[in-house]
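So the structure is just underneath, and the comments pick up after that.
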Amino acid sequence: QVQLVESGGGLVQPGGSLRLSCAASGIIFSDYVMGWYRQAPGKQRELVAHVFPGGFTDFADSVKGRFTISRDNAKNTVYLQMNSLKPEDTAVYYCNGRRLVTLNGYWGQGTQVTVSA
């Protein structure tokens, strides 16, 4: 059974930082594209960042320069370091894992991030 479990969400003030973690099991982690998505109230789910098996990373324009994605294949874990957080970053953040040439893939349950003074 495939499981993706997110952790690290919470309430922070604008300008603060959070580090999200996603622990995967049931997959050959090193073969998967790992991504972070988010969904704010009343909006569709959107890609935040993803990291490919070879280490290539990509970010949404809205988070470039503030967020960093990384993976530790030995721990089957992908991270999202979020700095200089803004109220617009408030959302449920979801972890996703998929094979390189496959759409969709597997999803975690999500972790809430709230940025508010």
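Checking side-chain atoms of Q13 against main-chain N and O of S116 turns up no donor-acceptor pair under 3.5 Å. Using a distance-only test at 3.5 Å, with no hydrogens or angles considered, no donor-acceptor pair links the side chain of R19 to the main chain of S21.
The minimum heavy-atom distance between S30 and P53, with the atom names listed, is O-CB, 3.3 Å. The shortest heavy-atom contact between M82 and Y93 is SD-CE2, 3.8 Å. For the pair S17 and S84, the tightest heavy-atom approach, listed with the atom from each and the gap, is OG-N, 4.3 Å. Closest approach of L4 and G97 over heavy atoms only: CD1-N, 3.7 Å.
Linking ILVMFWY side-chain heavy atoms closer than 4.5 Å, directly or via other members, places M34 and I69 in a single hydrophobic cluster. Under the 4.5 Å side-chain contact rule for hydrophobic residues, Y37 and V2 do not share a cluster. A chain of hydrophobic side-chain contacts below 4.5 Å, direct or via other Ile, Leu, Val, Met, Phe, Trp or Tyr residues, connects V115 to L80.
Separation of atoms CG (N73) and OH (Y32) is listed at 13.5 Å; rounding is to 0.5 Å. Atom CG of L100 is separated from atom CZ of F52 by 6.5 Å, given to the nearest 0.5 angstrom. Within the model, atoms CZ of R98 and CD1 of I27 stand 12.0 Å from one another, a figure rounded to the nearest 0.5 Å. Of the inter-residue distances, the one linking S62 atom OG with D89 atom CG reads 7.0 Å to the nearest 0.5 angstrom. Here the CG-CZ distance, from L47 to F59, works out to 10.0 Å after rounding to the nearest 0.5 Å. For the atom pair T111 OG1 and L20 CG, the distance stands at 6.0 Å (nearest 0.5 Å).
A cation-pi contact, defined as under 6.0 Å to the ring centre and within 45° of the axis, links R71 to F29.
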ask   = Does the pair Y79 and C22 meet the rule for a side chain to side chain contact (heavy atoms under 4.5 Å, CB included), with working shown?
value = CA-CA 6 Å; Y79 305 94; C22 172; over 6 Å; no
inquiry  = Applying side chain to side chain contact (heavy atoms under 4.5 Å, CB included) to L18 and L85, what does each step give before you reach the verdict?
reply    = CA-CA 8 Å; L18 281 175; L85 283 161; 4.3 Å; yes
Name the atoms and distances for all side-chain donor-acceptor pairs under 3.5 Å in residues 103-110, with sequence neighbours left out.
none

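Counting heavy atoms from C-beta on, the side chains of V12 and T114 never come closer than 4.5 Å. S25 has its side chain within reach of Q3: a pair of non-hydrogen atoms, C-beta onward, lies under 4.5 Å apart.
Evaluation of the side chain to side chain donor-acceptor pair (under 3.5 Å) test over residues 39-60, restricted to residues two or more places apart or in two chains, returns R38-E46.
In this structure, a donor-acceptor pair under 3.5 Å is absent between the side chains of T90 and E88.
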